[in-house]
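These notes are about the structure you will find just below.
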Amino acid sequence: MAQKPSIPKGTRDFSPNEMARRNYIFDTVKRVFQLYGFQQIETPAMENLSTLMGKYGEEGDKLLFKILNSGDYLSAVNSEELTASNSSKLTTKISEKGLRYDLTVPFARYVVQNQNDIVFPFRRYQIQPVWRADRPQKGRYREFYQCDVDIIGSDSLLNEVELIQIVDHVYRFLGLKVVIKINNRKILAGIAEAIGEAERIVDITVAIDKLDKIGIDKVNEELIHKGVTHEAILKLQPILHLNGSNTEKINQIERVISMSSTGLQGIKEVRTIFNYLSGINLESEIELDLTLARGLNYYTGAIFEVKSKDVEIGSITGGGRYDDLTGIFGLSGVSGVGISFGADRIYDVMSQLDIFPKDAMASSKVMFVNFGEKEECYCLPLLSCLRQAGISSEIYPDSDKMKKQMVYANRKGIKFVVLAGESEIEKGMVNLKNMETGEQQLISVTELVIALKV
RNA sequence: GUGGAUGUAGCUCAGCUGGUUAGAGCGCUGGAUUGUGGUUCCAGAGGUCGUGGGUUCAAGCCCCAUCUUCCACCCCA
């Protein structure tokens, strides 16, 4: 007996119903991106490992899917290296390509390669799958789609504001209540500086990022464990206890980190952004969250994270400013800012809340019942007519029992059924049945198009 | 990568301290209704219990391995 086929861990098939709903998300995201003047690009599923490695921190490198070289991939390896069982060293010999881990780094690579043809500031969007060799769990897949929007080649904080508006716009269209959390890496750097641990910024931010999840005691524990001095941790406490409105928080933190010029720069940026936002009507809640860190280490300024207010699933959108991502590829002095919508998580949230529009399931609006060859010939021109009029329609391909055909139409959610048998043909009419109400009316062929056009 | 759960019919799940022929609901197929679905009634099909080993007179149940899914950690969309 053949073994049951399966797909790799953390990957999924999408049924027609799921695709209809996924496309609903992609379409709205796309519509908003275009509304804000962004242009679409695509990049290959695989990149050279040299492009990918070292861009996502230590953890990121581990999560890269690597592609075995084609052909005799062992030919470049000598027996010594083979028996050394040093997998990371061997990897570089037998694999030189990897699946993309996000869309931002390939985008930076694209910008550098095409810098002469790009009109800056470049507003691009990109909707493609990415792959991470993570262990799957709720809302975490090994293959998932990101919908990225980035503006590259401009320092203006107006771009941050644009992205926030896009986020608000998308979630308003999708009908999701979200909170947009904002922070700034420069403020985090300022904090590290202020407590005399500038070197440990990564450890510190990673630890305080967990504040609302594990509590202040555990955070302090972790900091001690990471080797942060007791004195520094003491200095950090007031920062962890910040509360109040966004402006109150800014004012408080400003006092704490006033000796750090980087920190003050971050404060200034955040203030500017909030100032812009004050004049704009947003539906989403905007929260300055000084514990927001985000793992990707190429962020240098603003960082964003969006969480659903109704479903606990981690962030559904995230991003930030990166001042020199293209520098690694040989084009320095180009700053960009972008965000990424996690389509799969948005899907999970919307499924759980059951807020997909009912008609997201695309199928024919009309089905012609098949009564036999003669009747088929009568129906075919009518079918073309409907399609010309933009009404999606189909004819049942076999003259099966009527019950079977009706069940088919019913299960596919087809709203109307056209019955054109011997008696209808004689009169030059058709019977149009509404599958929801069960009503049926005998109408002429011209009336058919009008009745369905609505 | 670390730790913990899970897998029984197409789906959701029962299945006692190991003991004959493994059950239910929904779905599916056929019929009541040969030109009318979604409601009702009747009948029927469908499982080598994730996979591979082991213990036992006897394994869905116990042990080991492996895979899947899920949960926590790490990290992240």
Side-chain angles (χ1 to χ4, degrees), chain A residues 1 3-12 25 29 56-64 87 101-104 127-148 167 202 205-207 209-210 213-214 218 222 292-297 299 303-308 312-320 338-349 367 369-372 375 396 399-425 430-440 442:
Chain A
M1 196 166 75
Q3 259 217 318
K4 258 191 190 167
S6 62
I7 54 175
K9 185 199 288 221
T11 64
R12 296 147 303 151
I25 295 173
V29 165
Y56 309 106
E58 230 178 283
E59 200 65 30
D61 284 355
K62 283 190 215 154
L63 298 180
L64 282 170
S87 46
Y101 178 92
D102 73 353
L103 300 178
T104 309
I127 299 174
Q128 289 189 274
V130 303
W131 294 269
R132 295 184 188 176
D134 218 345
R135 185 176 283 207
Q137 45 174 284
K138 188 106 199 149
R140 178 177 298 194
Y141 308 100
R142 284 184 152 182
E143 177 184 61
F144 61 97
Y145 273 73
Q146 292 194 325
C147 314
D148 271 38
V167 170
V202 174
T205 52
V206 167
D209 184 46
K210 296 174 191 160
K213 207 170 175 184
I214 62 177
K218 288 269 169 81
E222 182 165 334
L292 175 63
R294 298 194 57 76
L296 296 181
N297 57 9
Y299 291 126
I303 41 185
F304 311 106
E305 188 162 292
V306 180
K307 298 198 87 173
S308 161
E312 184 51 51
I313 196 173
S315 66
I316 51 178
T317 293
I339 46 166
S340 178
F341 289 81
D344 303 78
R345 284 192 180 171
I346 294 171
Y347 179 94
D348 289 344
V349 170
M367 186 197 83
V369 171
N370 190 322
F371 287 106
E375 291 85 348
Y396 195 86
S399 62
D400 285 336
K401 277 192 199 161
M402 190 146 173
K403 175 167 175 157
K404 191 168 178 188
Q405 300 192 39
M406 294 300 278
V407 168
Y408 170 87
N410 194 50
R411 288 199 55 184
K412 279 193 77 179
I414 294 172
K415 283 198 182 114
F416 296 94
V417 160
V418 170
L419 300 147
E422 213 174 325
S423 61
E424 286 88 353
I425 295 175
V430 297
N431 254 311
L432 179 64
K433 180 177 172 114
N434 182 323
M435 292 296 279
E436 276 158 12
T437 62
E439 280 167 31
Q440 193 168 312
L442 190 66

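Residue numbers start from 1 in every chain, and the chains themselves are labelled A, B, ... in the order their sequence lines are given, proteins ahead of strands.
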Distance, nearest 0.5 Å, that separates [atom1] of [X] from [atom2] of [Y]:
X      : Y      : atom1 : atom2 : answer
A:S399 : A:Q405 : OG    : CD    : 7.5 Å
A:I346 : A:I313 : CD1   : CD1   : 10.0 Å
A:K404 : A:N370 : NZ    : CG    : 12.0 Å
A:N431 : A:L419 : CG    : CG    : 5.5 Å

- [ ] Taking the six-membered ring of A:F144 (Phe, Tyr or Trp), confirm whether the NZ or CZ of A:R132 is under 6.0 Å from its centre and within 45° of its axis.
- [x] no

Task: NZ or CZ of A:R12 within 45° of A:Y141 ring axis and under 6.0 Å - done: yes

TODO: Just jot down the side chain to side chain contact (heavy atoms under 4.5 Å, CB included) partners of A:A409, sequence neighbours excluded, or say none.
DONE: A:M367, A:I414, A:V417, A:M435

Distance check needed: [N] [atom2] versus [X] [atom1], whole Å only.
X      : N     : atom1 : atom2 : answer
A:L63  : B:C75 : CG    : P     : 11 Å
A:L103 : B:A77 : CG    : C1'   : 11 Å
A:D209 : B:C74 : CG    : P     : 10 Å
A:I25  : B:A77 : CD1   : P     : 17 Å
A:Q137 : B:G1  : CD    : P     : 14 Å
A:K62  : B:C74 : NZ    : P     : 13 Å
A:R142 : B:C67 : CZ    : C1'   : 12 Å
A:E59  : B:C74 : CD    : P     : 11 Å

Considering every strand and a 4.0 Å limit on heavy-atom distances, what is the contact class for [X]: base, sugar-phosphate, or nothing?
X      : result
A:Q146 : sugar-phosphate
A:G10  : sugar-phosphate
A:D134 : base
A:Y145 : nothing
A:K210 : sugar-phosphate
A:G139 : base

Taking the same atom, [atom1], in [N] and in [M], what whole-Å distance lies between them?
N     : M     : atom1 : answer
B:U20 : B:A59 : C1'   : 14 Å
B:G18 : B:U39 : P     : 43 Å
B:G53 : B:C67 : C1'   : 15 Å
B:A22 : B:C49 : P     : 10 Å
B:A5  : B:U66 : P     : 16 Å
B:A45 : B:G10 : P     : 15 Å
B:C11 : B:G3  : C1'   : 31 Å
B:A65 : B:C28 : P     : 42 Å

With a 4.5 Å limit on heavy-atom distance, are the side chains of [X] and [Y] in contact?
X      : Y      : value
A:K415 : A:E436 : yes
A:I316 : A:K307 : no
A:Y347 : A:I25  : yes
A:K210 : A:K218 : no

Taking only nitrogen or oxygen atoms into account, show me every contact under 3.5 Å that the protein makes with nucleotides 5-7 of chain B, one pair per line with its distance.
none

TODO: Classify the side chain of A:R140 versus the base of B:C75 as yes if they form a donor-acceptor pair under 3.5 Å and no if they do not.
DONE: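 Such a pair exists between side chain and base.
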
Task: Range-with-range stems for RNA chain B, at least three Watson-Crick or G-U pairs under 3.5 Å - done: B:1-5 with B:69-73, B:10-13 with B:23-26, B:28-32 with B:40-44, B:50-54 with B:62-66

- [ ] Using heavy atoms to find the nearest nucleotide of RNA chain B for A:V306 and A:P8 separately, return the residue whose nucleotide is more 5′.
- [x]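 Comparing both residues, the 5'-ward one is A:P8.
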
Task: Summary of protein contacts for nucleotides 30-46 of chain B, nucleotide by nucleotide, where a base hit scores B, a sugar-phosphate-only hit scores S (4.0 Å, heavy atoms) - done: -S---BBBB--------

TODO: Scan side-chain atoms only and decide if A:D148 and A:T104 contain a donor-acceptor pair under the 3.5 Å cut-off.
DONE: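 There is such a pair (donor and acceptor under 3.5 Å, judged by atom type) between the side chains of A:D148 and A:T104.
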
TODO: Please state whether the rings of A:Y101 and A:Y56 are parallel, tilted or perpendicular, taking 30° and 60° as the class boundaries.
DONE: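 Geometry flag for A:Y56 against A:Y101: tilted rings.
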
TODO: Measure across A:V430 and A:A420 and return the closest heavy-atom pair with its distance rounded to 0.1 Å.
DONE: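 Where A:V430 meets A:A420 most closely, the heavy atoms are CG1-CB, 4.1 Å.
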
N/O-N/O pairs, protein side and nucleotides 2-4 of chain B side, under 3.5 Å:
from, atom 1, to, atom 2, distance (Å)
B:U2, O4, A:R135, NE, 3.3
B:U2, O4, A:R135, NH1, 3.0
B:G3, O6, A:R135, NH1, 2.9

Open item on the list: For A:R142, is there an ion pair with A:D134 - N to carboxylate O distance below 4.0 angstrom?
Closed with: no

Open item on the list: Once ring-ring contact (aromatic ring centres under 6.0 Å, His included) is applied, do any residues pair with A:F416, and if so which ones, sequence neighbours excluded?
Closed with: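 By the ring-ring contact (aromatic ring centres under 6.0 Å, His included) rule, A:F416 matches no residue at all.
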
TODO: Output yes if the stacking criterion (under 5.5 Å between centres, under 30° between planes) is met for A:F341 over the base of B:A77, else no.
DONE: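 Aromatic stack with B:A77 absent for A:F341.
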
